[in-house]
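Structure record follows, encoded as structure tokens.
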Amino acid sequence: MTSPLAVDPPPAPGTAPRVFCFHHAGGTASVFTGWQREAGRAVSVHPVQLPGRERRLHDEYPDDMAALVADLDAELSPWLEAPHVFYGHSMGALVAFALTRHRLSRGARLPEALVTGAFGDPAAPPPLEAVPSMSDDDLLDLLIGLGGMSDVVRRYPRWAGPALALIRADLALCTSFQAGPGVPMPVPLHAFAGAEDPLLDSTSIEAWGAHTSAGFTAEVVPGGHFFLAGPVARARVLAAVTAPLTAAAGAR
């Protein structure tokens with residue numbers, strides 16, 4: 001039986017320039033529900049579903065970030081020959097960065113821009129390094145405090161257990177990635193941070209500038225770690241992901 005696609009439905013031939021969105025640790029592609037409606041017809045929005053959740057619940061979970069990126073590159077590559085942008089939120093920012101670097105290493109087409117949210121320097125240790133030593137109760141308290149999980153889940157331990165196990169696996173995946181010095185990528189980079197994010201000093205996103213040779217901007221938006229829930233922040237992110245594609249279309 002064929003495994004579910006990371007992007008479903010897949011991009012249709014001849015569609016508008018594409019935005020591929022990568023979700024946060026413990027999250028799902030459904031966090032980007034509504035983006036296509038808000039972005040309009042100028043771009044085609046494609047949330048990427050990572051293994052181990054929703055329709056990919058039974059897909060094999062990768063051993064490390066390198067394996068995940070290789071799998072994503074193999075599946076997404078046919079759709080990345082047209083103009084596209086990557087947006088990654090929190091863990092998704094690291095996934096999008098690692099995928100871009102992987103494609104650069106093999107001479108493949110690169111995104112028109114890499115847009116990141118809620119994640120600092122990819123060469124620095126990832127946040128939440130203490131998670132492996134945290135109890136489930138402490139981790140649950142942390143996630144509820146961040147807004148990444150509803151307090152309702154406390155009433156349903158059968159839900160909480162698998163959700164926490166997935167978050168632990170996702171964060172271990174982040175820890176497995178070693179960015180190293182690398183060569184700055186010839187891809188414009190725009191980094192966002194939430195003004196009230198307890199996991200991220202908003203000035204730390206400036207470090208992303210060292211990873212590009214094609215222009216860098218940083219922007220602080222209203223909200224915490226999950227600032228995409230706010231309409232103002234979401235509108236600014238959508239503007240950042242669509243602008244490079246509009247410019248590329250105008251240049252053709």
Side-chain angles (χ1 to χ4, degrees), residues 5-24 27-50 53-56 72 75-97 99-100 103 109-119 147-148 187-195 197 205 208 212 214-252:
L5 296 174
V7 176
D8 186 27
T15 54
R18 297 157 182 163
V19 178
F20 291 88
C21 307
F22 301 84
H23 57 73
H24 59 275
T28 67
S30 60
V31 73
F32 300 107
T33 298
W35 274 42
Q36 184 64 73
R37 182 182 66 254
E38 295 183 41
R41 297 181 179 179
V43 299
S44 182
V45 179
H46 302 283
V48 177
Q49 188 77 273
L50 300 185
R53 64 213 81 206
E54 289 189 344
R55 66 176 183 275
R56 302 193 66 193
L72 287 174
E75 180 171 334
L76 300 180
S77 191
W79 305 317
L80 300 180
E81 295 307 315
H84 62 278
V85 162
F86 289 158
Y87 174 73
H89 194 84
S90 194
M91 177 185 83
L94 191 61
V95 173
F97 171 74
L99 178 57
T100 304
R103 289 180 62 77
R109 179 167 185 156
L110 300 177
E112 303 297 321
L114 171 61
V115 184
T116 68
F119 202 90
V187 176
L189 207 155
H190 191 125
F192 285 91
D197 188 343
I205 59 172
W208 279 100
T212 176
F216 171 71
T217 52
E219 189 171 351
V220 179
V221 294
H225 192 68
F226 297 100
F227 57 74
L228 290 178
V232 173
R234 190 168 60 252
R236 283 157 73 172
V237 171
L238 280 167
V241 300
T242 56
L245 294 172
T246 303
R252 291 204 303 272

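The six-membered or imidazole ring of F227 lies near that of H89, with a centre-to-centre distance under 6.0 Å.
Within the 4.5 Å cutoff, side-chain heavy atoms of H190 are placed close to those of T217. Within the 4.5 Å cutoff, side-chain heavy atoms of L72 are placed close to those of V48. Here the side chains of V43 and V241 are not in contact, with every heavy-atom distance at 4.5 Å or above. With a 4.5 Å cut-off on side-chain heavy atoms, Q49 and S30 do not count as touching.
The aromatic rings of W35 and Y87 lie tilted to each other, with the angle between the two planes from 30° to 60°.
In this structure, CG in L114 is found 8.5 Å from OG1 in T212, a value given to the nearest 0.5 Å. Note that CD of E112 is 11.0 Å distant from CZ of F86, once rounded to the nearest 0.5 Å. The CG atom of L99 lies 9.5 Å from the CG atom of L110; values are rounded to the nearest 0.5 Å. Interatomic distance, CZ of F119 versus CH2 of W208, reported as 6.5 Å (0.5 Å rounding). Atom CZ of F20 and atom CH2 of W79 lie 7.0 Å apart (nearest 0.5 Å). In this structure, the separation between NE2 on H46 and CZ on F32 is 13.5 Å, given to the nearest 0.5 Å.
Between the side chain of R18 and the main chain of S44, no donor-acceptor pair closer than 3.5 Å is present. Side chain of R55 to main chain of A6: a donor-acceptor pair is present (N/O by atom type, distance under 3.5 Å, no hydrogens or angles).
Nearest approach of V232 to P222, heavy atoms of both residues: CG1-CG, 4.1 Å. For the pair P244 and V85, the tightest heavy-atom approach, listed with the atom from each and the gap, is CB-CG2, 4.1 Å. Annotation for E219 and R236: closest pair OE2-NE, 2.7 Å, computed over non-hydrogen atoms. Between A29 and P47, the closest heavy-atom pair is O-CB, 3.6 Å. The minimum heavy-atom distance between L245 and P83, with the atom names listed, is CD2-C, 3.8 Å. The two residues V45 and A39 make their nearest non-hydrogen contact at CG2-CB, 4.1 Å.
Under 3.5 Å, the side chains of H23 and T28 contain no donor-acceptor pair of N or O atoms.
The only member of V115, V220, I205 that meets side chain to side chain contact (heavy atoms under 4.5 Å, CB included) when paired with F192 is V115.
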